[in-house]
2 protein chains.
Amino acid sequence: MAVPTGDSLESPRLTSAQRVLSILGVFDTENLSLSLSEISRRTGLTLSTTHRLVNELRCWGALSRSGDGKYSIGLRILELGTLTPQGGQLREIALPYLHDLQHATRANIHLGVPQGHDIVYIESLRARDTVPVPSRLGGRWPMHATGTGLVLLAHSSQEFQEEVLASKLRRYTENTLTDPDALRHFLAEVRKAGVAVVESQLTRDVMAVAVPIRGPRDHVVAAVGITVPSGSVSPRSLVPALSASARSISRALGAPSAAAGGPPRRPAHWQVREVKYSTSVAQREPGLVGG
Amino acid sequence: MAVPTGDSLESPRLTSAQRVLSILGVFDTENLSLSLSEISRRTGLTLSTTHRLVNELRCWGALSRSGDGKYSIGLRILELGTLTPQGGQLREIALPYLHDLQHATRANIHLGVPQGHDIVYIESLRARDTVPVPSRLGGRWPMHATGTGLVLLAHSSQEFQEEVLASKLRRYTENTLTDPDALRHFLAEVRKAGVAVVESQLTRDVMAVAVPIRGPRDHVVAAVGITVPSGSVSPRSLVPALSASARSISRALGAPSAAAGGPPRRPAHWQVREVKYSTSVAQREPGLVGG
DNA sequence: AGCCGAATTCCACGGAGCGGAAGGGTATTT
DNA sequence: AAATACCCTTCCGCTCCGTGGAATTCGGCT
């Protein structure tokens, strides 16, 4: 159905569920707390509608009201977020290894998973005495611009890779890989070497090294990366520690290829119903995090 | 079955926003992934309604579908959760100090903020070689049952304390403080000593030590706690490190009483009656839907 | 005071969303 | 192999809920 209005501000005909979600969607890192009117303006909803929905969200705990009368995201959302397969179990399992890795390398450590064309960081351990990197827990960046993202992309399906390569690839620095052919070549290298080393792709004078993490069916489910200031240390020297950590995490996740010594260890009493195409991590944790 | 009998599940006349939220609400730590039908049953919504709403949520990223066709909470929720004032900035600021604290003590570290009558953990650093404690990031427990919760309660408004004491106080172990008078006495001790030391209140054979963290207006905005196995170390020996960390975090948050170089903190008179809005504690929900 | 913006409440109308029912798929049972 | 029992998906008419405009209150600023 053609849109009859030539108005630049057409009414997007939202469903009521979309209205609710659009309210949550106006919050971002630059808008951590917003007044009712601001929410109304940014969503395009009328003030009365916004008022009613915001109150329902607040009662449920999805929004909270701070001292100045403004609204921000509520703790209930934080709780919910820990229930994601990635942010919950995967992060939980990986965390001790990431701590060890940071302790050993004193660098910034990131753990990321794919979502859409982006990579989302489900953990970000920042070193105190190194360059600040623009990545935080919950942060999202295009895959082609980060070391961890390129690792994930390299191990994605062929069609997905082409889909990403065909999209608009934003250039962040002069080093950002945006040429499809160059990227294809780079991704092949990453697959072959098992590690991605990038320099100043997203941020100048920052080097990143990243390797994949595999899950129960040996699929790449996440990537772990280290970022250090350019020239501080040889990136290659970080690879062994990084690889070891990634392998430990993979093993803890039940990845066959990372199984210790003998045959692939299978989590007992855990019936895996044959799944068609599992792009996400399996559900239950083997439960051997501690010692 | 359309009989409006006095069934335990009567039709609660939900608004459409509540329907959306109720879908998100059926996920918890024991139900990390649910099929469409399960969501439908647990929410009480009809299958077709559930189907439509779930799809809208999935398109937006609030839900994701895993390989086996089940749904779980989506990464977008995780991202949103990092935008909460507590889970975002506060956690971000506190994290390095908590890491140091864990490194020094090798114990479980928790950072919690109040919500309703509960305490919610916005960070949980688990020691590898100690007892497992039933607390995870995003976990929620009654204030009266945890060391951190008791600290927060002790520094809440008088009326809020009474409100909590008047509510049903669940007993988790034989040590759980459930008697209002005993609790009042304990809370007074906590205020006086500036630290809460509890033993096996929530979990047997686990000791917890917790101290408050103060924000810009010197309000207690969070609590940090350590848990160790009973008898392993003297809880008192952990207090100095814990207090130092809490003070560092308070200072980083801009708490006047923790300002660098200032005079030793005096046992503040807590008659700060003019609590305008304490951003967190005074979070009641007077606005009831409908009305 | 007067002005302005924000927040809150009220109400009638219209169409979005609800739910019943039917169709198609897949695994489990007889 | 037929039968059974789920589960997921789609369609469509009716109804009731949500919408948005207007009116009211509140608070800050000149």
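- In this entry the distance linking CG of B/Leu14 with C1' of D/dC16 reads 14 Å, nearest Å.
- Contact between the side-chain N/O atoms of B/Thr15 and the OP1/OP2 oxygens of D/dC17 is not found at any separation under 4.0 Å.
- Taking atom CD1 of residue A/Ile39 and atom C1' of nucleotide C/dA6, one finds them 13 Å apart after rounding to whole Å.
- Regarding B/Glu56, its CD atom lies at a distance of 14 Å from the P atom of D/dT9, rounded to whole Å.
- A salt bridge is absent between A/Glu92 and B/Arg136: the closest approach of a Lys/Arg side-chain nitrogen to an acidic carboxylate oxygen does not fall below 4.0 angstrom.
- When the C1' atom of C/dA7 is taken as reference, atom CG of A/Leu34 falls 15 Å away, rounded to whole Å.
- In this entry the distance linking CG of B/Leu53 with P of D/dT9 reads 14 Å, nearest Å.
- Of the two residues contacting DNA chain C, namely A/Arg41 and A/Ser16, the nearest-nucleotide position lying further toward the 5' end is that of A/Arg41.
- Closest of all the heavy-atom pairs between A/Ser40 and A/Leu45 is OG-O, 2.8 Å.
- Taking every heavy atom of both residues into account, A/His155 and A/Pro212 meet most closely at CE1-CG, 3.8 Å.
- In DNA chain D, runs of at least 3 consecutive Watson-Crick or G-U pairs, each pair with both distances below 3.5 Å, span C:3-22 with D:9-28, C:25-30 with D:1-6.
- In the set D/dC7, D/dG18, C/dG19, the nucleotide with an atom closest to the side chain of B/Ser35 is D/dC7.
- One can place CG of A/Leu57 at 13 Å from P of D/dG18, the figure rounded to the nearest angstrom.
- Residue contacts for A/Leu45: at a heavy-atom cut-off of 4.0 Å it reaches no nucleic acid atom on any strand shown.
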Q: Go along nucleotides 21-30 of chain D 5' to 3' and tag each nucleotide: B for a protein heavy atom under 4.0 Å from its base, S when only backbone or sugar atoms are that close, - otherwise.
A: B---------

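- Rounded to an integer number of Å, the gap from CG of A/Leu47 to C1' of C/dA6 is 8 Å.
- In this structure, the nucleotide among D/dC7, D/dT9, C/dA6 sitting nearest to the side chain of A/Ser37 is C/dA6.
- Of all the heavy atoms in A/Thr84 and A/Gln89, the pair that sits closest is O-OE1, 3.6 Å.
- For the pair A/Leu32 and A/Phe27, the minimum side-chain heavy-atom distance is 4.5 Å or more.
- Closest approach to the B/Tyr71 side chain among D/dC7, D/dT9, C/dG17 is made by D/dT9 (side chain taken as heavy atoms from C-beta onward).
- Using a 4.0 Å cut-off, no side-chain N or O of B/Arg19 falls inside it from OP1 or OP2 of D/dC17.
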Q: In sequence, state the C-alpha distance, the side-chain angles, and the governing distance for A/Arg247 and A/Ile213, and then conclude on side chain to side chain contact (heavy atoms under 4.5 Å, CB included).
A: CA-CA 7 Å; A/Arg247 197 178 171 86; A/Ile213 290 176; over 6 Å; no

Q | Full working for side chain to side chain contact (heavy atoms under 4.5 Å, CB included) between A/Leu137 and A/Tyr121 | A | CA-CA 5 Å; A/Leu137 175 57; A/Tyr121 291 120; 5.7 Å; no

**Q.** Verdict with reasoning, A/Arg91 to B/Glu123, per salt bridge (Lys or Arg N to Asp or Glu O under 4.0 Å)
**A.** CA-CA 12 Å; A/Arg91 174 184 177 279; B/Glu123 190 51 85; 3.4 Å; yes

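- Regarding contacts with the backbone of D/dT9, a side-chain N or O of B/His51 is found under 4.0 angstrom from either OP1 or OP2.
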Q.
Using the rule given for side-chain hydrogen bond (donor to acceptor under 3.5 Å, both in side chains), can you reason through A/Ser16 versus B/Ser16, listing the C-alpha separation, both sets of side-chain angles and the distance that settles it, and then say yes or no?
A. CA-CA 7 Å; A/Ser16 66; B/Ser16 67; 3.2 Å; yes

Q.
Set out, in order, the CA-CA distance, both residues' side-chain angles and the distance that settles side chain to side chain contact (heavy atoms under 4.5 Å, CB included) for B/Val113 and B/Val221, then state yes or no.
A. CA-CA 7 Å; B/Val113 294; B/Val221 295; over 6 Å; no

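- If you measure from atom NZ of B/Lys70 to atom P of D/dC8, you get 9 Å, rounded to the nearest angstrom.
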